[in-house]
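Both backbone and side-chain heavy atoms feed into the values below; hydrogens, waters and symmetry mates do not. Counting begins at 1 with the first residue of the sequence.
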Amino acid sequence: YKMAADRGNMVALNNYGHMLHKGLGIAVDYEEACRCFKKASDCGIYDAMNNYGFMLDKGLGVEKNKEEACILFKIAADRGHIGAMNNYGHMLHKGQGCSVDYEEACKYYKMAADGGVVDAMNNYGFMLENGLGVPINNEEACYYFKQAADKGHIGAMNNYGHMLHKGLGCSENMEEACRYFKMASERGNFVAMNNYGYMLHKGLGCPVNCKEACKYYKIAADNGVLDAMNNFGFMLENGLGIPTNNEEACYYFKIAADKG
């Protein structure tokens, strides 16, 4: 890539920037990656626009500039770059570098989702579930969450598990909900750990296992999940899966209470 980039090939320059950004076959160098992405972006390479926008959005190798990131994401998105569609949708959704616009965010998320961007499937599902920029449609939200979950998106595994647990947009299925919560938990999703702990605690879709429930509640609680703080406090107070410890229960209840 570098040899081709040094001979003026802008696609290769963008690719070389990607190697520098990710540390693939070379030491990570965000500043040099930014330089490559910007030069290729200025020459009209849409993937480089998306890549440079990402660096600006995160402040990697360059001063954070969400407004400029937003502009670059939009240009690339409007020229058909599906990754940029998801990124621009996210900026519109969160009002980063531009005004919040849920309807436009939905439009870009959907295009990216239907183009195969897994993160966009989860994002669009979230908008459908919550009625942000689009009427609530749990059936369609469920469809997108499942698509993303089955392609390995960890957040979508938890989201689809939630839909199955509550019977939102699909038939209630505790066994499947439990399976998806467990998959997300094993991949490090702390919200899913609380949800899986709850299934183990109550015996929903799996045998009751209070000791294992405590393990998941505690990890989630210690990583900031408020529901898990309350749940773990309950287990400590009542000696479920763990010896009774009112002092520690009080500690977790207070943290959760003080955070609302």
(request) Please report the C-alpha distance between D150 and Y180 in whole Å, then the side-chain angles of each, then the deciding distance to 0.1 Å, and finally whether the side-chain hydrogen bond (donor to acceptor under 3.5 Å, both in side chains) criterion is met. (result) CA-CA 10 Å; D150 290 346; Y180 278 93; 2.7 Å; yes
(message) Go through it in stages, so that I can follow the logic: the residues are N87 and D57, the test is side-chain hydrogen bond (donor to acceptor under 3.5 Å, both in side chains), and I'd like the CA-CA distance, side-chain angles, deciding distance and then a yes or no.
(response) CA-CA 10 Å; N87 290 336; D57 181 32; over 6 Å; no
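With a 4.5 Å cut-off on side-chain heavy atoms, K218 and Y252 count as touching. Looking at heavy atoms from C-beta onward, C206 lies in side-chain contact with L200 at the 4.5 angstrom threshold.
Taking E140 as the reference, nothing meets the salt bridge (Lys or Arg N to Asp or Glu O under 4.0 Å) condition, with sequence neighbours excluded. Here D47 pairs with nothing under the salt bridge (Lys or Arg N to Asp or Glu O under 4.0 Å) rule; sequence neighbours left out. In this view, E212 and K215 satisfy the salt bridge (Lys or Arg N to Asp or Glu O under 4.0 Å) rule, not counting sequence neighbours. By the salt bridge (Lys or Arg N to Asp or Glu O under 4.0 Å) test, K94 pairs with no residue at all, sequence neighbours left out.
A donor atom on one side chain and an acceptor atom on the other are not found under 3.5 Å apart for N158 and N189.
Heavy atoms only, all atoms of each residue included: A249 and G233 are closest at CB-O, 3.4 Å.
The hydrophobic clustering, which links ILVMFWY residues whose side-chain heavy atoms are closer than 4.5 Å, places L13 and L60 apart.
With Y88 as reference, Y108 is the one residue of F73, Y109, Y108 to meet the ring pair (Phe, Tyr, Trp, His ring centres under 6.0 Å) rule.
Taken to the nearest 0.5 Å, the CG atom of L168 stands 5.0 Å off from the NE2 atom of H162. To the nearest 0.5 Å, atoms CG (N138) and CZ (F145) are separated by 9.0 Å. Interatomic distance, CG of L128 versus CD of E139, reported as 10.5 Å (0.5 Å rounding).
The side chain to side chain donor-acceptor pair (under 3.5 Å) pairs that include a residue from residues 223-238 are N194-N231, where partners are two or more places apart or lie in different chains. Sorted by first and then second residue, the side chain to side chain donor-acceptor pair (under 3.5 Å) pairs with a member in residues 164-177 read E176-R179; sequence neighbours excluded.
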